[in-house]
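In what follows, a structure is listed as structure tokens, so that the remarks can point back to it.
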Amino acid sequence: MIYVIGYTAIFVQDVDENSEMRHYVRPPQPDDELDRLEALHAMQLLDTEPEEVFDRITRMACSALSVPVSLVSLVDKDRQWFKSSCGLQANETSRDVSFCGHAILSDAPFVIDDAGKDPRFAANPLVTGAPGIRFYAGVPIHAGSHRIGTLCIIDTVPRSLASRDLTLLKSLARTVEDLLYVRQVTLESVHSLNDWMSHYGAKSREHAQALRHLVLRDHLTGLPSRVAIDDAIVDIVADGAHHKGAALLAVIDIDNLSAVNQRFGHDVGDGLIALTAERLRQVSNNVDVAARIGGGMFAFLLRGAPDHRSAVDRLAQVHAAVNQPFIGSHGVIQCSLTTGYVPLGQQEGNSEALLDTAHEAVRQAKALGHGLMSAYNRSLGRLGHRALEYDLRAAISTDQFFLVYQPKIDFNSRALVGWEALLRWRHPSLGLIAPCDFIPVAEESGVIVPLGRWTLNEACRQLRAWLDAGKADAGVAVNLSPRQFLHGDIVEAVRTSLAAHGVPGSLLELELTETVAVCDIDRVIAIMHELKRLQVRLSIDDFGTGFSSLSYLMRLPVDILKIDRSFICQLVTDQRAQALVKGVIDICEGLGMRVIAEGVETIAQASLLSVLGCSTMQGYLFGRPMSPDQCEEARQPFADA
């Protein structure tokens with residue numbers, strides 16, 4: 001049997017009693033094993049296709065808990081099978097080598113801080129060989145009273161699990177159980193109703209259809225479930241009404257819903273979901289179908305347009321209608337929604353395949369930025385998430401990555417004040433791959449951590465080269481992802497890179513997104529203070545696009561705040577944008593922070609920013625990202641910008 005973590009093949013062979021496998025503890029069978037297996041098989045989950053609603057949970061677990069692997073694992077008679085996995089490419093493994101087989105023996109969470117020092121697991125081939133599992137935490141998931149599997153997280157380094165992290169893992173496991181329960185009840189209800197309808201007359205079938213309609217409604221929003229979308233796709237394809245792409249299947253997802261829940265509470269998050277559903281109802285016509293398909297995600301089947309262009313224009317109106325501020329008990333919440341869509345008739349496959357394609361379309365749209373609408377890109381789809389992840393891992397060791405640098409200037413003096421290092425990937429067969437295509441894959445797979453270390457080291461190497469040439473007149477800013485910042489020892493990574501190249505910390509700036517602060521504010525502040533002791537500067541990037549809080553901002557030891565380009569592009573024509581930007585500038589002045597405006601593309605924008613009190617700027621007006629050689633050529637002309 002072969003399975004893969006991060007595309008590292010692991011061979012687990014059948015062995016006899018003379019093998020070293022006898023030196024580790026195989027998981028014993030629970031007392032209720034027969035009943036447990038019956039409950040598991042009754043769920044009709046084993047060997048089913050992946051489902052986005054479960055995949056979102058494992059991705060969330062990896063991101064929130066800063067681990068490379070998370071699984072929804074179902075423990076069968078001789079195997080554990082993964083309904084969902086993040087960071088691990090496998091369908092199943094032997095039960096004999098599974099940690100989850102131990103985790104289902106009790107309702108208590110099963111946590112191994114260091115498997116290499118635990119006598120039950122020290123000789124386990126998954127510990128002694130690749131992938132070298134050292135940390136495991138699993139929370140049992142139930143079907144009725146029986147433990148059928150776990151939601152687990154895995155790391156390749158020893159670690160401990162804080163009580164707040166364990167609480168989050170248990171909460172996510174309960175969410176998995178809720179999804180399994182709803183899924184099972186829905187299946188049973190639909191089967192029963194279909195049987196009833198097939199045995200009774202027309203009038204009884206009408207009543208049964210009405211009851212079926214109620215069963216398949218989402219209790220929070222009143223919208224239909226995914227079954228309604230499946231049925232509508234079958235009908236529309238059968239009728240040929242999708243001709244020329246006049247019908248579109250869209251997936252609409254609330255961006256950063258988990259951050260809303262964490263910041264304001266689930267009641268506010270539920271209110272946001274319900275309001276989005278109401279807005280979809282208001283813009284739907286009598287032939288459209290809108291459904292909630294999980295969490296903050298909706299499917300929308302748009303029909304009745306005369307042609308493809310008209311259908312896309314109307315979907316853009318729907319997208320604009322749902323992308324409005326949410327006003328709740330906590331005031332106004334600026335929360336965007338991202339839409340990805342696929343035209344029916346231009347994509348082969350059944351309803352499930354079409355919906356999967358629409359899911360991929362929304363992921364592609366999110367890679368470009370939150371709040372956008374984008375069609376499915378077939379060329380990116382061919383590339384494949386897993387293939388891209390595999391190539392990413394190989395790219396680090398084969399020198400496929402390089403950095404380009406975009407200047408920051410003081411508009412009033414036209415002086416160069418810094419550079420931002422931006423990562424680029426030149427694929428050996430695909431050519432240049434945009435960051436919006438590979439960074440999300442790196443984030444989800446955990447590759448972002450070693451990739452971030454490479455970026456730090458390369459930026460410091462370039463700073464050293466400029467120092468030696470007598471041209472280090474400005475520092476370099478490097479972006480840190482939330483996962484990179486909170487995973488492992490970022491302080492040691494920065495210290496090592498600076499020392500390796502003899503670069504003073506004052507020439508290095510680290511940029512973080514504001515969403516980092518809402519993950520674990522106390523831990524974030526502690527890490528920031530350690531970094532400040534290295535003399536590096538800290539900045540908050542894309543300010544205004546997340547869930548900004550002045551109380552957080554006041555606590556963070558930040559030197560610089562970057563105003564997001566979404567405010568700058570509207571600055572000249574929108575007085576509200578001017579007021580917001582002016583407010584941010586005044587606040588930063590009061591807190592002793594510098595302000596940088598990014599995305600400046602016109603003289604009008606730059607001049608207005610200068611009037612408002614922001615003179616440090618970055619954008620195409622002053623230069624696009626360039627190679628180190630081009631940086632040398634571009635230093636002098638800034639005075640003429």
Distance-only, no hydrogens or angles: does the T175 side chain make a donor-acceptor pair with backbone N or O of S171 under 3.5 Å? yes

Indicate yes or no: at least one non-hydrogen side-chain atom of V139 is less than 4.5 angstrom from one of R174. yes

Derivation of the side chain to side chain contact (heavy atoms under 4.5 Å, CB included) call for R533 and R495: CA-CA 10 Å; R533 282 192 278 273; R495 182 185 290 112; over 6 Å; no

Could you go through E420 and V476, starting from their C-alpha distance and side-chain angles, then the distance that decides it, and tell me whether this counts as side chain to side chain contact (heavy atoms under 4.5 Å, CB included)? CA-CA 6 Å; E420 180 177 2; V476 172; over 6 Å; no

Check this for me: E589, atom CD, are more than 12 non-hydrogen atoms of other residues, nucleotides or ligands nearer than 6.0 Å? no

Salt bridge flag under 4.0 Å for residues D47 and R79: yes

In this structure, CZ of R292 is separated from CG of L280 (nearest 0.5 Å) by 12.5 Å

If you draw a 6.0 Å radius around CG in D31, do more than 12 non-hydrogen atoms from other residues or ligands fall strictly inside? no

So, do V75 and R36 sit near enough that their side-chain heavy atoms are less than 4.5 Å apart? yes

Give a yes or no on whether the backbone of D96 and the side-chain of S94 come within a donor-acceptor separation of less than 3.5 Å. yes

Search all heavy atoms of I133 against all heavy atoms of A115 and return the closest pair with its distance. O-CB, 3.7 Å

Nearest 0.5 Å, what's the CD1-OG distance between I104 and S98? 7.5 Å

Whether R537 side chain and L510 backbone form a donor-acceptor pair below 3.5 Å: no

Provide the closest heavy-atom pair for L166 versus P109 in the form atom of the first, atom of the second, distance. CD1-CB, 3.8 Å

Are the side chains of T93 and W81 in touch, meaning some heavy atoms are under 4.5 Å apart? no

Salt-bridge present (D165, K170; N to O < 4.0 Å): no

Between H146 and L37, is the side chain to side chain contact (heavy atoms under 4.5 Å, CB included) condition met? List the steps. CA-CA 9 Å; H146 303 291; L37 288 174; over 6 Å; no

Does any N or O in the side chain of T48 come within less than 3.5 Å of the main-chain N or O of Q44, such that one atom is a donor and the other an acceptor? no

Look at the side chain of D32 and the backbone N and O of D35, then say whether any donor-acceptor pair between them is shorter than 3.5 Å. no

CG of L275 to CZ of F326, rounded to nearest 0.5 Å, is 6.0 Å

With side chain to side chain donor-acceptor pair (under 3.5 Å) as the test, would you mind laying out the steps for D55 and S84 before giving the verdict? CA-CA 5 Å; D55 291 345; S84 176; 2.7 Å; yes

If you define the side chain from C-beta out and look only at heavy atoms, does anything of F298 sit under 4.5 Å from L223? yes

Note, S85 side chain near T58 side chain (heavy atom, < 4.5 Å): no

Among side-chain atoms of H359 and D253, is any donor-acceptor pair under 3.5 angstrom? no

Can you find a heavy atom in the side chain of I112 that is under 4.5 Å from one in the side chain of H102? no

Smallest heavy-atom separation, T221 atom then A277 atom, equals CB-CB, 3.5 Å

Shortest non-hydrogen contact from R147 toward L105: NH2-O, 3.2 Å

Partner of V494 under side-chain contact (heavy atoms from CB on, under 4.5 Å), chosen from L456, V478, N457: L456

Find out whether V441 and L392 are in side-chain contact, i.e. whether some heavy atom of one side chain is under 4.5 Å from a heavy atom of the other. yes

F99 vs F110, ring pair (Phe, Tyr, Trp, His ring centres under 6.0 Å): CA-CA, chis, key distance, verdict: CA-CA 9 Å; F99 285 62; F110 187 71; 7.6 Å; no

Shortest non-hydrogen contact from E177 to I141? OE2-CA, 3.3 Å

Ion pair check, D559 and K532, cut-off under 4.0 Å: yes

Would you compute the distance between atom CZ of R453 and atom CD1 of I448 and round it to the nearest 0.5 angstrom? 11.0 Å

Contact summary for A143 and M43, nearest pair of heavy atoms: CB-SD, 4.0 Å

Rounded to the nearest 0.5 angstrom, the CG-CG distance for L337 and N323 is 5.0 Å

Side chain to side chain contact (heavy atoms under 4.5 Å, CB included) between T455 and F401: does it pass, once the steps are laid out? CA-CA 9 Å; T455 303; F401 290 106; over 6 Å; no

Flag side-chain contact, heavy atom, 4.5 Å: L498 against L508: yes

As an exercise, state the distance from CG of L561 to CD1 of I596, rounded to the nearest 0.5 Å. 9.5 Å

Donor-acceptor contact below 3.5 Å, side chain S63 vs main chain R59: no

Sidechain-backbone polar pair: D255 side chain, G371 backbone, donor-acceptor under 3.5 Å: yes

